[in-house]
Amino acid sequence: MRDVGAFDALPEDLTDAGGGTDSLVRATADEPERAAEAALRPRRLDEFVGQRVVRDQLSLVLEAALGRGRAPDHVLLSGPPGLGKTTLAMIIAAELGTSLRVTSGPAIQHAGDLAAVLSSLEEGEVLFIDEIHRLARPAEELLYVAMEDFRVDVVVGKGAGASAIPLSLPPFTVVGATTRAGLLPAPLRDRFGFTGHLDFYADDELERVLVRSAGLLDVPLDADAAAEIASRSRGTPRIANRLLRRVRDWAQVRGDGHLHLPAARAALEVYEVDQRGLDRLDRAVLDALCRRFGGGPVGLTTLAVAVGEEPETVETVAEPFLVREGLVGRTPRGRVALAPAWEHLGLEVPLPGGTLFD
Ligand SMILES: Nc1ncnc2c1ncn2[C@@H]1O[C@H](COP(=O)(O)OP(=O)(O)OP(=O)(O)O)[C@@H](O)[C@H]1O
């Protein structure tokens, strides 16, 4: 793999998961985490667990392109963080036997940055653009033309005397990744011949991810421990692998090195990840909503003050999972606790419309 000079960073998607909160069950990854992840990435399509539909479709696209001896259509991968978009981009390049160049929407400040990247591509290479929905508009416009006509217009000179010299590019494939497909303007979306949406993984798929990762890390993992970790991983391989590494730490320091069920349970208790994959902040939000505010509705800012966090952290780190799990609802008047939230805290679900004593 060859990275694109200054553009090889893959910053977190702060729009989706918040920045500073250090949580084991946050779906995004920072730089040190990415290094740990690299060792666990599947390298080929047949090692990539789950996502059967996307995998089958992609396999056809790649096989057909290889058969024709041409670069495949551009590929757009969408879905929440940590589900394997970057991994798939790397696999696409590997399956095509070509190299991967890596950049991201926020890393490209000016159209000229993108022009430089594009004009340095070699025939058949794959250009991975992470967080493509965060490309600046002029860069986006340059990208349409490059993707469609394999051409960039290099602007020479300034002001009224400026002129555009068309520079043709060898065929290449863009793989765009986005957590927000809806934010992509239609003209850009239309340039992708194939769009794959990645969904959260089922527990049995995460168990397979964990068994594979344990093999690579060379740690003995029991099937019931894998099931336990998988069930607390929020449908996300990145979180599953992260919890696996923490259970491995526990087993090494406090256990006998073997990752069995008691070790998994004890480790996840230390890290405050409960049976449903909720961490301390998630539970604090539920607790405040149910016990302090009687189930709501309560405004985001008030809720955030109650749990001692920034509103943005509550909204971007805790809330998406709580809403997805059906624990919390968002209404125009604020956040409300849904029945499973009360049950999760071991509290009685209040009757609709209040109790007899209201
Ligand atoms: N299908 C899979 N099979 C095995 N491991 C996987 C799979 N999908 C993801 N992983 C693992 O999960 C981790 C995160 O994957 P990846 O970086 O590809 O996610 P992403 O969707 O690109 O996330 P982001 O949007 O934050 O960049 C990697 O370590 C990868 O090995």
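Remember, it's 1-based here, ligands and their atoms both numbered in the order they're listed.
Listed by number with element, the atoms of ligand 1 under 4.0 Å from a non-hydrogen atom of Pro42 are 3 (N), 4 (C), 5 (N), 31 (O). Shown in contact with Arg41 at under 4.0 Å from a heavy atom are these atoms of ligand 1, numbered in order with element: 15 (O), 16 (P), 17 (O), 18 (O), 28 (C), 31 (O). Counting the atoms of ligand 1 from 1 in the order shown, those under 4.0 Å from a heavy atom of Phe48 are 1 (N), 2 (C), 7 (C), 8 (N). In summary, the atoms of ligand 1 found under 4.0 Å from a heavy atom of Tyr201, numbered by their order in the structure, are 1 (N), 2 (C), 7 (C), 8 (N). Within ligand 1, counting atoms from 1 as listed, the ones closer than 4.0 Å to a heavy atom of Lys85 are 18 (O), 19 (O), 20 (P), 21 (O), 22 (O), 25 (O). Close contacts of ligand 1 with Gly84, meaning ligand atoms under 4.0 Å from a residue heavy atom, involve 8 (N), 9 (C), 15 (O), 16 (P), 18 (O), 19 (O), 20 (P), 21 (O). Close approach to Leu40 involves these atoms of ligand 1, each under 4.0 Å from a residue heavy atom: 31 (O).
No hydrogens or angles considered: a donor-acceptor pair under 3.5 Å links the side chains of Arg101 and Ser120. Between the side chains of Ser231 and Asp203, no donor-acceptor pair is found at a separation under 3.5 Å. Checking Glu131 against Ser104 by side-chain atom types alone, no donor-acceptor pair falls below 3.5 Å.
By the 4.0 Å heavy-atom criterion, Gly82 is counted among the residues contacting ligand 1.
Heavy atoms only, all atoms of each residue included: Ala288 and Val307 are closest at CB-CG1, 4.0 Å.
Closest heavy-atom approach to atom 15 (O) of ligand 1 within the set Val209, Thr236, Thr87: this belongs to Thr87.
No part of Leu198 comes within 4.0 Å of ligand 1, judged by heavy-atom distances.
Under the salt bridge (charged side-chain N to carboxylate O under 4.0 Å, His left out) test applied with Glu37, the options Arg245, Arg242, Arg238 reduce to a single match, Arg238.
Between Phe150 and Phe172, the two ring planes are perpendicular [angle over 60°; tilted spans 30° to 60°].
Note on residues 146-156: pairs passing side chain to side chain donor-acceptor pair (under 3.5 Å), not counting sequence neighbours, are Glu148-Arg191, Arg151-Asp153.
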